[in-house]
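The structure follows.
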Amino acid sequence: MAKLFFKYGTVFSAKSLNLIATAHNYETQGKKVLLLIPGIDTRSGGYISTRAGFKKEAESITPETNIMDIFHNHLKHHEKIDCVLVDEVQMLKPEHIDQLREITLLFKTPVICYGLRMSYTLELFEASKRLLELADKLEEVKTVCWYCNSKATHNLKLVDGKPEYKGNPIDIGGLEKYIPVCYGHYAHPPTTFKNEAK
Ligand SMILES: [Zn+2]
């Protein structure tokens with residue numbers, strides 16, 4: 001059976017870089033990957049881009065998209081898809097995760113999803129929750145805390161250098177910044193901290 005993977009990590013854990021490396025590995029063997037990105041992630045605009053400067057075209061998924069339709073469309077053009085790679089998966093709807101699960105069953109195509117597990121408000125994203133329920137394999141993409149060398153497990157939201165713990169869990173494109181932290185530094189970030197997150 002083809003597997004559904006959830007590779008989760010905090011911000012700055014190079015998830016998109018990991019995705020692009022996986023796509024590259026398939027493509028160097030002449031295999032075809034289907035790259036998907038949520039359309040509501042306005043930063044992306046049909047591209048998966050990494051902080052390291054790599055960029056790759058991807059098909060957008062809006063809340064109304066049925067991912068099975070995208071998949072069928074490729075099959076109609078006689079394109080065999082060897083692997084589906086999804087970036088920023090936390091921004092999808094839970095129904096999209098069910099559709100991805102269906103793809104692994106019906107077409108025996110593996111699906112690898114990359115994204116955040118939970119928001120800065122300590123809530124699981126709906127799509128991430130669905131992945132925790134449905135995935136065959138969970139894998140943590142690791143990085144270290146911004147303030148110490150412990151493993152980062154949480155995302156801290158900073159507005160003008162001050163931590164913020166409440167609000168809309170999906171909140172992108174504003175002036176706020178997110179950094180990866182351990183739980184200790186999530187709860188008590190250093191007060192002398194100047195906002196140097198990029
Ligand atoms: Zn720390």
Side-chain angles (χ1 to χ4, degrees), residues 3-25 36-38 40-44 47-56 58 85-92 94 97 111-198:
K3 289 195 166 70
L4 173 64
F5 296 81
F6 182 24
K7 300 201 179 191
Y8 64 91
T10 61
V11 290
F12 287 97
S13 61
K15 295 180 296 302
S16 304
L17 191 61
N18 197 307
L19 183 156
I20 286 181
T22 303
H24 176 78
N25 290 346
L36 301 173
I37 181 108
I40 43 171
D41 183 358
T42 47
R43 292 175 306 177
S44 58
Y47 284 92
I48 290 168
S49 53
T50 71
R51 297 183 204 272
F54 295 96
K55 206 172 173 188
K56 218 160 160 49
L85 297 168
V86 190
D87 201 21
E88 305 285 358
V89 74
Q90 76 279 356
M91 311 291 276
L92 293 182
I97 307 303
V111 175
I112 311 176
C113 301
Y114 294 82
L116 303 173
R117 194 165 44 125
M118 62 183 162
S119 75
Y120 67 95
T121 58
L122 297 188
E123 290 161 277
L124 288 174
F125 289 101
E126 282 182 31
S128 307
K129 177 175 176 289
R130 195 68 186 132
L131 270 166
L132 293 171
E133 290 161 352
L134 290 182
D136 301 291
K137 209 163 163 20
L138 305 172
E139 213 176 283
E140 191 173 16
V141 185
K142 293 176 188 146
T143 191
V144 290
C145 170
W146 197 270
Y147 303 114
C148 71
N149 288 322
S150 298
K151 188 179 79 177
T153 47
H154 291 72
N155 301 301
L156 180 65
K157 179 179 177 179
L158 295 171
V159 179
D160 290 330
K162 292 197 184 68
E164 213 166 272
Y165 299 105
K166 288 196 163 58
N168 180 2
I170 295 185
D171 190 5
I172 47 165
L175 295 171
E176 69 279 359
K177 291 169 182 175
Y178 296 91
I179 55 170
V181 285
C182 65
Y183 188 76
H185 282 126
Y186 173 86
H188 302 291
T191 46
T192 53
F193 178 69
K194 295 261 187 288
N195 189 7
E196 58 199 21
K198 289 178 200 73

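In each ligand, atom 1 is the first atom listed, and ligand 1 is the first ligand listed. By convention here, the first residue in the shown sequence is residue 1.
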In residues 17-25, what donor-acceptor pairs under 3.5 Å come from side-chain atoms, sequence neighbours left out?
residue: Asn18; atom: OD1; partner: Tyr114; partner atom: OH; Å: 3.3
residue: Thr22; atom: OG1; partner: Asn18; partner atom: O; Å: 2.9
residue: Thr22; atom: OG1; partner: Tyr114; partner atom: OH; Å: 3.3

Worksheet item: Number of protein N/O/S atoms less than 2.8 Å from the Zn ion (ligand 1)?
Response: 4
Discussion item. Can you classify the ring geometry of Tyr183 versus His154 as parallel (below 30°), tilted (30 to 60°) or perpendicular (above 60°)?
Written reply: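 Tyr183 vs His154 ring planes: perpendicular.
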Sequence neighbours left out, cut at 3.5 Å: what donor-acceptor pairs do the side chains of residues 124-131 make with other protein atoms?
residue: Ser128; atom: OG; partner: Leu116; partner atom: O; Å: 2.7
residue: Lys129; atom: NZ; partner: Glu133; partner atom: OE2; Å: 2.8
residue: Arg130; atom: NE; partner: Asp98; partner atom: OD1; Å: 2.9
residue: Arg130; atom: NH1; partner: Glu133; partner atom: OE1; Å: 2.7
residue: Arg130; atom: NH2; partner: Asp98; partner atom: OD2; Å: 3.0

Worksheet entry | Ala152 backbone acceptor or donor facing Tyr186 side chain under 3.5 Å | no
Worksheet item: Is the backbone N or O of Val11 less than 3.5 Å from a side-chain atom of Asn155, with the two atoms forming a donor-acceptor pair by type?
Response: yes
Discussion item. Holding to side chain to side chain contact (heavy atoms under 4.5 Å, CB included), I want the full list of residues that pass it with Lys162, two or more places apart in sequence or in another chain.
Written reply: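 Lys162: no side chain to side chain contact (heavy atoms under 4.5 Å, CB included) contacts found.
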